[in-house]
> 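This is the structure I want to talk about, given as structure tokens.
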Amino acid sequence: MNTVILTLHGPEHKYTIYLRPGAGADWQRAVADIVPANRYLLLADDNMAAHLALPADGERFGNWRCLRVLPGEEHKNLDQYASLVNAALQGGMDRDTVLVALGGGVTGDIAGFVAGTLLRGVRLVQVPTTLLAMVDSSVGGKNGVNTPAGKNLVGTFHQPAAVLIDPSFLDTLPRREYRAGLAEVVKTAVLDNQDFFTRLEDTAPALAAGDHAALADAISTCCWIKGSHVMTDEKDTGMRQLLNLGHTFGHVLESLAGFNGSVVHGEAVSVGTVLATDFAARHGFFDSDGADRIRALLARLGLPTRIAELGRTADAASDIDVSPPDWQALLGSDQAVRALVQDKKSSGGKVNLVLPHGFGDCRVDKGYDAVTVVRFMRDNI
Ligand code: GLY
């Protein structure tokens, strides 16, 4: 099967997102088919590379060369960016070399930043292997790294030359990471009319179980919805900002937890979406039935819906050995207010929040006092 989900036409770019179930078994050929080139530089998530028995870091294979990317938000930083750029240049890449990002959101974001800045920009193919990357981060050209001051504060817009999605990659994903991606699916559905949200409610058990048909529908619908936001507002000055529903609250929680793996991005987005929804309901923008439906769907998909649940997820597959965050103390600190005003949507110490006013009617509501918003979070642990 060779499904073209959509071709994005930005003001300066046009590229296609392919949904090709099974293509992951021969991803090299699929990439070469979609974007032919003489040389490829693969930036591969280290875990995925081990799983697929890919060549070691720096090794060449045919007209490809492999660089391994350390996954995890704690490695999405300027140090790893610098070592990838240096390794790419030392390997003799030129402007015709196509970069290929194989991995999840961290790999795609850092590879995108490398592709957008190396030699002032080279072509990039995104091959997302996590649900979060398939439904969100691989589409739309945003890239970047975290700094001690916050998430994604350094980066560029650099649209990929193509995106190749094979849902079969998800079969090997740790369950916790898979579930985390479902939070972005639910968030995206709230941005659209109720049809997609209702479909997710109907297919929740299939989605939670990783059913391929339910996934193909969810992934392609998310790419359509995201694609329409990106085409209208590539540089994130208006409609695209709505894709950050749940992210302002979520980023504060991730940042307070310390990017140490105790809270993964999708879990923070899940709780952040509930907080945004409850905040909107509290201010009379959104009806409480809608808020209940969103919370119930996230819970049915196995996602946390309260701050208190974050950092306590039992996960035998991971080797996380950190104490659960003390949310009362963290949300009572100045650090929480600082984390909130560092959000890219904040200005002049005031916080702009994406809030639902209905399904398919989210808005950027401006000018909230940061201390009041943090107090709301602390009152809703
Ligand atoms: N993840 C939100 C965006 O790409 O705009």
Side-chain angles (χ1 to χ4, degrees), residues 5-6 8-13 15 17 73 76 101 103-113 115-116 124 126 128-146 150-163 165 177 180-192 196 218-255 259 264-273 276 342-346 352-356 362-364:
I5 303 180
L6 79 155
L8 287 182
H9 297 262
E12 296 161 32
H13 320 275
Y15 64 95
I17 302 165
E73 287 289 335
K76 193 175 127 178
V106 168
T107 301
D109 279 7
I110 205 161
F113 189 33
L124 170 74
Q126 290 275 9
T129 60
T130 66
L131 185 55
L132 181 145
M134 290 177 192
V135 299
D136 186 32
S137 59
S138 69
V139 174
K142 266 192 194 171
N143 61 51
V145 293
N146 305 327
K151 260 180 84 97
N152 299 327
L153 294 181
V154 179
T156 71
F157 291 94
H158 181 69
Q159 298 297 338
V163 183
I165 301 175
E177 208 172 332
L182 290 170
E184 296 283 358
V185 174
V186 174
K187 169 215 82 177
T188 308
V190 178
L191 300 183
D192 201 39
F196 183 35
I219 293 168
S220 51
T221 310
C222 285
C223 287
W224 270 104
I225 296 168
K226 176 153 188 184
S228 67
H229 286 71
V230 172
M231 278 189 283
T232 310
D233 174 28
E234 183 187 348
K235 294 286 162 67
D236 203 20
T237 56
M239 180 183 179
R240 183 170 180 166
Q241 292 184 1
L242 302 179
L243 292 161
N244 282 318
L245 173 64
H247 283 61
T248 301
F249 290 109
H251 282 174
V252 171
L253 298 168
E254 269 188 289
S255 146
F259 300 120
V264 299
H265 177 68
E267 292 167 349
V269 168
S270 176
V271 174
T273 303
Q342 259 147 9
D343 185 88
K344 291 192 287 306
K345 287 183 299 308
S346 300
N352 301 332
L353 294 172
V354 180
L355 298 175
C362 290
R363 304 180 195 170
V364 181

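Counting starts at 1 for both ligands and their atoms, in listed order. Computed over heavy atoms, backbone and side chain alike; hydrogens, waters and symmetry mates excluded.
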> Examine D236 against ligand 1 and note whether any of their N/O atoms are separated by less than 3.5 Å.
no
> Without swapping roles, check the side chain of D233 against the backbone of G238 for a donor-acceptor pair under 3.5 Å.
yes
> Measure from the side-chain N and O atoms of E267 to the backbone N and O of A180, and report whether any donor-acceptor pair falls under 3.5 Å.
no
> With a 4.0 Å heavy-atom cut-off (strictly under), which part of K226 contacts ligand 1: side chain, backbone, both or neither?
side chain
> Among protein heavy atoms, which sits nearest to atom 5 (O) of ligand 1, and what does the distance come to when rounded to 0.1 Å?
R240 NE, 2.7 Å
> Is ligand 1 less than 4.0 angstrom away from at least one heavy atom of D136?
yes
> Among Q159, H229, K142, R240, which residue meets the side-chain hydrogen bond (donor to acceptor under 3.5 Å, both in side chains) test with E234?
Q159
> Decide yes or no for L243 and K187: does some side-chain heavy atom of the first lie under 4.5 Å from some side-chain heavy atom of the second?
yes
> Does the S138 side chain pair with the main chain of A133, one donor and one acceptor, at a distance under 3.5 Å?
yes
> Using a 4.0 Å cut-off to any heavy atom of L243, which atoms of ligand 1 qualify?
2 (C), 5 (O)
